Amino acid sequence: MSLLIVGTMAFDALETPFGKVDRIIGGSGTYAAWAASNFVQPIKQVSIVGGDFPQEEISALEARGVAMEGVEVVKDGKSFFWSGRYHLDMNTRDTLVTDLNVLAQFDPKIPDSYQGAEFVMLGNLAPDIQKKVLQQLKKRPKFIILDTMNFWMDVALDGLKEVLKMVDLLMVNDSEARQLGGEHSLVKSARKIQAMGPKCVIIKKGEHGALLFYEDRIFSAPALPLEDVFDPTGAGDTFAGGFIGYLARINDVSFEHMKAAVIVGSAMASYCVEKFGPTRLKEITAADIDSRVNDFVTLANFEVR
Ligand code: AMP
């Protein structure tokens with residue numbers, strides 16, 4: 001099965017209680033592609049970068065089966081740049097800088113070779129850009145997931161509601177779910193969001209795991225209690241990439257498989273946070289992923305007699 005991913009490919013500057021980096025590779029599309037490529041290839045990447053984006057990063061992704069035909073390179077432009085500083089709890093962060101650069105002119109064009117993708121991940125971008133991607137797909141994909149953030153709820157709520165009608169699953173964190181659903185209860189908020197279009201909602205709760213709402217069923221996934229979280233950047237995109245990559249590999253979007261996909265996404269995210277940027281994602285093997293998934297199974301396994 002093939003997977004189409006739309007998201008940023010960027011430079012990030014990060015500060016965590018454990019250190020500081022000035023300019024490393026980041027972007028929602030980058031994290032998602034690294035995570036998903038463990039499960040499914042080819043991946044059809046859609047993004048925009050400047051002439052400053054390193055060729056070796058593009059080549060490394062290509063070697064992982066990530067097609068770059070849909071990644072526009074603006075030779076004399078600068079790539080999207082984002083800078084953030086994490087608080088001591090690592091759950092909250094301040095955005096210090098957002099330089100859109102070439103992202104300001106992003107008008108995604110879906111190449112013919114990308115048509116027919118069965119699975120689609122719409123990374124966190126302006127809702128009208130997400131919509132433009134879907135409008136160009138000649139055949140309705142089997143499963144579309146949407147990532148978004150509070151910023152778009154504040155400035156583009158109508159556009160976001162339009163895209164919500166076109167997708168199968170929305171992925172947000174707990175505060176965003178409360179904002180969009182308008183209820184303090186995550187269950188009530190999820191139900192309200194489902195009524196806006198997507199039959200599934202995933203609510204990420206950081207170090208407290210994730211909830212999957214699938215029609216009228218609910219699955220609660222734990223988060224692995226990690227001794228050290230080094231850099232949480234990209235954990236959400238990595239979760240999304242692992243989740244949809246796994247679903248695309250087994251080509252089944254039933255509740256049972258989606259529960260497993262949530263665990264796989266959580267396992268990928270738990271690796272992501274171990275080092276700065278996507279570094280750790282580039283190192284891990286299939287055996288590492290299996291072992292981490294097993295840790296989750298053990299963690300949540302119990303019997304009541
Ligand atoms: P996450 O930690 O999962 O929220 O994702 C962080 C990644 O998202 C970073 O690598 C950034 O480059 C990228 N990013 C940050 N802000 C935005 C934005 N406004 N639009 C698109 N991508 C962003």
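No experiment lies behind these values; they were computed from the predicted model shown. Each ligand, and each atom within it, is numbered from 1 in the order the structure gives. The figures here come from the full heavy-atom set of this structure, side chains too, leaving out hydrogens, waters and symmetry mates.
The cationic atom of R23 (NZ for Lys, CZ for Arg) lies less than 6.0 Å from the six-membered ring centre of F11 and within 45° of the ring axis.
Looking at atom 10 (O) of ligand 1, its nearest protein heavy atom turns out to be D12 OD2, 2.4 Å. From the protein, the heavy atom lying nearest to atom 20 (N) of ligand 1 is N124 O, 3.7 Å. From the protein, the heavy atom lying nearest to atom 16 (N) of ligand 1 is W82 CD1, 3.6 Å. The nearest heavy-atom contact from the protein to atom 22 (N) of ligand 1 is T8 OG1, 3.2 Å. For atom 17 (C) of ligand 1, the nearest non-hydrogen atom of the protein is F80 CZ, 3.6 Å. Closest to atom 4 (O) of ligand 1 among all protein heavy atoms lies R93 NH2, 2.9 Å. When hydrogens are left out, the protein atom nearest atom 7 (C) of ligand 1 is D237 OD2, 3.7 Å; that is the closest non-hydrogen contact.
Within the listing of ligand 1, atoms 10 (O) sit less than 4.0 angstrom from a heavy atom of G26. Set against the non-hydrogen atoms of G234, the atoms of ligand 1 under 4.0 Å away are 1 (P), 2 (O), 3 (O), 5 (O), 6 (C).
Remark: R191 does not engage E183 in a salt bridge, criterion side-chain N to carboxylate O under 4.0 Å.
For the residue pair D288/S291, the side-chain donor-acceptor check at 3.5 Å is not satisfied. Using modelled atom types, one finds a donor on one side chain and an acceptor on the other under 3.5 Å when comparing Q55 with S59. Y86 and T233 are linked by a side-chain donor-acceptor pair at a separation below 3.5 angstrom, with hydrogens and angles left out of the test.
Applying the ring pair (Phe, Tyr, Trp, His ring centres under 6.0 Å) criterion to F106, with sequence neighbours excluded, gives no partner residue.
On a distance-only criterion, G27 and ligand 1 share at least one N/O pair closer than 3.5 Å.
Hydrophobic cluster membership for W152: M149, F151, V155 (Ile, Leu, Val, Met, Phe, Trp, Tyr linked by side-chain heavy atoms under 4.5 Å, directly or transitively).
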